[in-house]
Amino acid sequence: MVKVTLPDGTSKHFDRPVTVSEVAQAIGPGLAKVAVAGKVDGRPVDLYHVIDQDVGLTLITGQSEEGLEIIRHSTSHLMAQAVKELFPGAQVTIGPAVENGFYYDFDFERPFTIDDLNSIEQRMMEIVERDEPIARREMSRDEALVLFKDMGEHYKGEIINSIDASQTLSLYAQGDFVDLCRGPHVPRTGYLKAFKLLSVAGAYWRGNAANKQLQRIYGTAWADMKGLKAYLHLLEEAEKRDHRRLGKELDLFSLQESAGGGLVFWHPHGARVRQVIEHYWRETHIQAGYEFLYTPHMANLELWRTSGHVDFYRDSMFSPMHVDEQEYQIRPMNCPFHILIYQSRMHSHRDFPIRWAELGTVYRYEMSGALHGLFRVRGFTQDDAHIFCREEQIEDEITGILDLTLATLGTFGFKEYDIFLSTRPEKSVGSLAIWEKATQALINAIKKHHLDFVEDKGGGAFYGPKIDVKITDCLGRKWQCSTIQLDFNLPERFDITYIGEDGAKHRPIMIHRALMGSLERFFGILLEHYAGRFPLWLAPVQAVVLTITDAHHRWATVVRDRLRAAGLRAEVDLRNEKIGYKIREHTLKKIPWLLVVGDREQEHQAVSPRDAGGKDLGLTPLDTLIERLVLQVRERRV
RNA sequence: GCCGAUGUAGCUCAAUCAGGCAGAGCAACGGAUUUGUAAUCCGUAGGCUUGGGGUUCGAUUCCCCACAUCGGCACCA
């Protein structure tokens, strides 16, 4: 007698050992049809798994994340089988499920081409047609080693040798294809219905650049065609809101081949958005008690020796340049400069906290393959600040920074955060006591905001603990922008001090922090988040006045001037074109407000506004509209 | 940096496979049209085919190098 308890608390009784699949069948044929695997007492198993004692069982279907992961993993095996059938010389390595899909790495004598991808996909479908069973088999290490060696699969042997000896090895076979795998898998290839191969790329064996580069094929897989289609649609949507594409379409910025990679050119409209962001930044920082600095973009290399960057940051710095008999370094960071200003005079404990902010442009050497639009560049501007304070002030300062961070991110429309706290790594500077005290201060500050956080134990930099804040954009993607970093190292290296109440010299605490991180990157994130449709307060052009005929030029120009006088960014389109043409053009440019002006409007000192949603609001007095827009801008409505 | 792909007019793309005067749409410019909520018509101009080298009678096309971009990997205090 076998008793199987289901998640809802009910149980099924069988008078003989049963497979997971049979239990599913007993619950209902509908469930049996969609189940891809099961979980016996929390352990994932195949549908073929035999239950011979009392257990708890959960059936996994393609509807759940777990089920999808199994489908994706099985699809990666399906792909490997297809590759082996088509290219017997290819060696298989690893092929896991990843977010939204899977990949499999192969060692093959030549790179796979797009045509190969097509034929592999074709062959995958054939194997699905064959509906081959996928069978699990357990095996001893030695047997498995011999088996894979005979098959010429050397990477598998390497994997087996790296697996803990106490573990039983399981193999999955479908047709002639055998793979070392923990499983579980769907029971037959016929279960895999919705997949598509997406791309091929090089990837290092075991993720190590010193190892051989393999051929990685990426694909996506879903429980059904509906899921696949929805995902492919999402990919298209993401492509449409790609900031590189929008940057060009909306004429916001460019990267210039003749200037070199990773260097950003802000065009007038992009620059306007940036100015609005910077203006907001200045305003909030004044309110938060910051003062502003401007410092140079380069300095004597000796400074970077003192700071230690030459030792531990060299790989990210551009080569120094020779000036007179000296070497100069373009700056990868702003902090040493702020320290120099600190050092320019004596400081008392009464000066603290000192909060110095700078929109500091820095240049970092990024490897050519790492460059990516505005997200990864070689020159960028940080909304940087450094706080000098005493130990007792850390908690208040961090609290204040978190206030400012959340207010800033929220204003730009990001309301979902993930907070990470990184603590002391093995190799670190500063006393254990200060680390402990500071870390606790960070935790307290986070708790004051009633926020959850993930602790990355030992994940901090050697010179201090830190808090990172990740935001989630409207496509659910996460971006790290804000970082608050304590530094016990630089004050030491530069030997900066303050005079305490006791009249003696003490070492101040230094906090680095950036809220948006890099303005370039943040702008790119905003652009994708809003798909180029900036909220009114950020939009480079907030309204365009459109005339019906030449007869309305005068009133249209007055309207534009009145809008401008009210502080709005307005343009006028006097071209001799049909109104539909003008509407289309400015709609494509994602202008939030289009103000149509014809006889009626001119007569009534009015406009006919069309909002960002394409809605025609009808004849509206100009004053009413201006009031409305000004309010929206003032509130920074998103 | 590594693997692969790509680079043609301001933009989006043809022509490249198989070497033989480089094309289209949009944008720009000129003209006509004076128009009411997502494209009015006609015309004109626009190119060192990313840069450098090579093969060839002849190179956008084939080969080599560089640069940039794209997809990944690695990197990313």
Side-chain angles (χ1 to χ4, degrees), chain A residues 98 103 105 108 110-114 116-117 198-218 239 242 244-245 248-249 251 254-263 308-309 312-313 315-316 332-333 335 364-373 375-378 422 425 427-428 459-466 468 480 483-487 489-490 512 514 517-518 521 546-553 574-589 594-601 608-611 614-619:
Chain A
V98 292
Y103 67 79
D105 287 347
F108 191 43
R110 63 168 177 83
F112 293 113
T113 64
I114 298 295
D116 293 335
L117 245 54
L198 296 176
S199 61
V200 54
Y204 299 107
W205 167 235
R206 305 218 136 163
N208 186 337
N211 289 343
K212 183 165 182 187
Q213 195 153 35
L214 309 170
Q215 299 297 319
R216 173 172 299 180
I217 302 178
Y218 280 94
E239 203 184 313
D242 187 311
R244 294 166 298 188
R245 175 186 176 136
K248 200 180 275 181
E249 282 174 7
D251 196 15
S254 60
L255 299 152
Q256 304 278 345
E257 182 174 350
S258 57
L263 301 169
H309 287 92
F312 60 76
Y313 205 69
D315 290 349
S316 296
M333 290 193 191
C335 26
R364 297 183 184 174
Y365 172 74
E366 296 282 359
M367 281 185 287
S368 56
L371 301 176
H372 180 94
F375 289 165
R376 200 77 182 270
V377 292
R378 285 178 171 164
S422 304
K427 230 184 100 198
S428 65
F462 70 89
Y463 49 82
K466 67 166 176 175
D468 291 322
Q480 195 213 304
T483 170
I484 305 169
Q485 169 82 59
L486 262 63
D487 191 337
N489 181 49
L490 276 188
H512 310 251
S518 136
R521 199 173 103 99
L546 315 177
T547 50
I548 302 289
T549 76
D550 296 354
H552 316 114
H553 283 191
L574 302 178
R575 288 176 304 171
N576 177 13
E577 293 289 351
K578 288 176 134 174
I579 195 68
Y581 178 88
K582 296 186 187 181
I583 297 243
R584 175 182 159 81
E585 192 156 283
H586 295 107
T587 303
L588 290 174
K589 290 288 179 199
L594 303 182
L595 310 178
V596 176
V597 159
D599 288 338
R600 267 179 286 144
E601 290 77 12
S608 285
R610 181 188 161 103
D611 69 15
K615 198 173 148 219
D616 182 355
L617 304 190
L619 199 67

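Chain naming here is simple, since letters A, B, ... match the order of the sequence lines and numbering starts at 1 in each.
Residues satisfying the side-chain hydrogen bond (donor to acceptor under 3.5 Å, both in side chains) test with Thr547(A), not counting sequence neighbours, are Lys582(A). The side-chain hydrogen bond (donor to acceptor under 3.5 Å, both in side chains) test applied to Glu249(A) returns Arg245(A), not counting sequence neighbours. Taking Tyr463(A) as the reference, nothing meets the ring pair (Phe, Tyr, Trp, His ring centres under 6.0 Å) condition, with sequence neighbours excluded. Checked against side chain to side chain contact (heavy atoms under 4.5 Å, CB included), Lys212(A) has the following partners two or more places apart in sequence or in another chain: Asp107(A), Tyr155(A). With sequence neighbours left out, the side chain to side chain contact (heavy atoms under 4.5 Å, CB included) criterion links His372(A) to His243(A), Arg244(A), Phe375(A), Arg376(A). In this view, Asp550(A) and His553(A) satisfy the side chain to side chain contact (heavy atoms under 4.5 Å, CB included) rule, not counting sequence neighbours. The side chain to side chain contact (heavy atoms under 4.5 Å, CB included) search around Thr549(A) returns Ala551(A), His552(A), not counting sequence neighbours. Not a single side-chain hydrogen bond (donor to acceptor under 3.5 Å, both in side chains) links Asp616(A) to another residue, sequence neighbours left out.
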Once base and sugar-phosphate atoms are separated, protein heavy atoms under 4.0 Å mark nucleotides 4-14 of chain B, 5' to 3', with B, S and - as S--B---SS--
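Within the 4.0 angstrom heavy-atom criterion, no nucleotide atom of any strand lies near Gly614(A). In this structure, Ser368(A) reaches the bases: a heavy-atom distance under 4.0 Å links it to at least one base atom across the strands shown. Among the heavy atoms of the strands, none lies under 4.0 Å from His586(A). If you check every strand for non-hydrogen atoms under 4.0 Å, Glu239(A) touches nothing. Among the heavy atoms of the strands lying under 4.0 Å from Leu588(A) is at least one base atom, whether or not backbone atoms are also near.
The gap from the C1' atom of rA59(B) to that of rG54(B) amounts to 11 Å, rounded to the nearest Å. Atom P of rA24(B) sits at a distance of 14 Å from the matching atom of rG47(B), rounded to the whole Å. Annotation: rC2(B) and rG46(B) have their C1' atoms spaced 40 Å apart (nearest Å). Annotation: rC21(B) and rU61(B) have their C1' atoms spaced 15 Å apart (nearest Å). Straight-line distance between the P atoms of rC13(B) and rU55(B): roughly 35 Å, to the nearest whole Å. Separation of the P atoms belonging to rU40(B) and rG58(B) is 50 Å when rounded to the nearest angstrom. rU60(B) and rU50(B): their C1' atoms are spaced 12 Å apart (whole Å).
Rounded to a whole Å, the CG atom of Leu255(A) is 13 Å from the C1' atom of rC70(B). The separation between Lys578(A) atom NZ and rU34(B) atom C1' is 11 Å, rounded to whole Å. Whole-Å rounding puts the Asn211(A) CG to rC2(B) P distance at 17 Å.
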Pairing string of RNA chain B (Watson-Crick or G-U wobble, both atom distances under 3.5 Å; | = paired to other strand) is (((((((..((((......[..)))).(((((.......))))).....(((((..]....))))))))))))....
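A heavy-atom distance below 4.5 Å is found between the side chains of Lys466(A) and Thr483(A).
Between Phe112(A) and Phe108(A), the ring-plane angle classifies as parallel under the 30° and 60° cut-offs.
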Between protein and nucleic acid, restricted to nucleotides 61-65 of chain B and to nitrogen or oxygen atoms under 3.5 Å apart, what atom pairs and distances do you find?
none

Could you list, one pair per line, each protein nitrogen or oxygen that sits under 3.5 Å from a nitrogen or oxygen of nucleotides 24-30 of chain B, together with the distance?
residue: rA27(B); atom: OP1; partner: Tyr581(A); partner atom: OH; Å: 3.0

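Nearest to the side chain of Thr549(A), among rU34(B), rC73(B), rA74(B), sits rU34(B).
No donor-acceptor contact under 3.5 Å links the side chain of Gln213(A) to the base of rG1(B).
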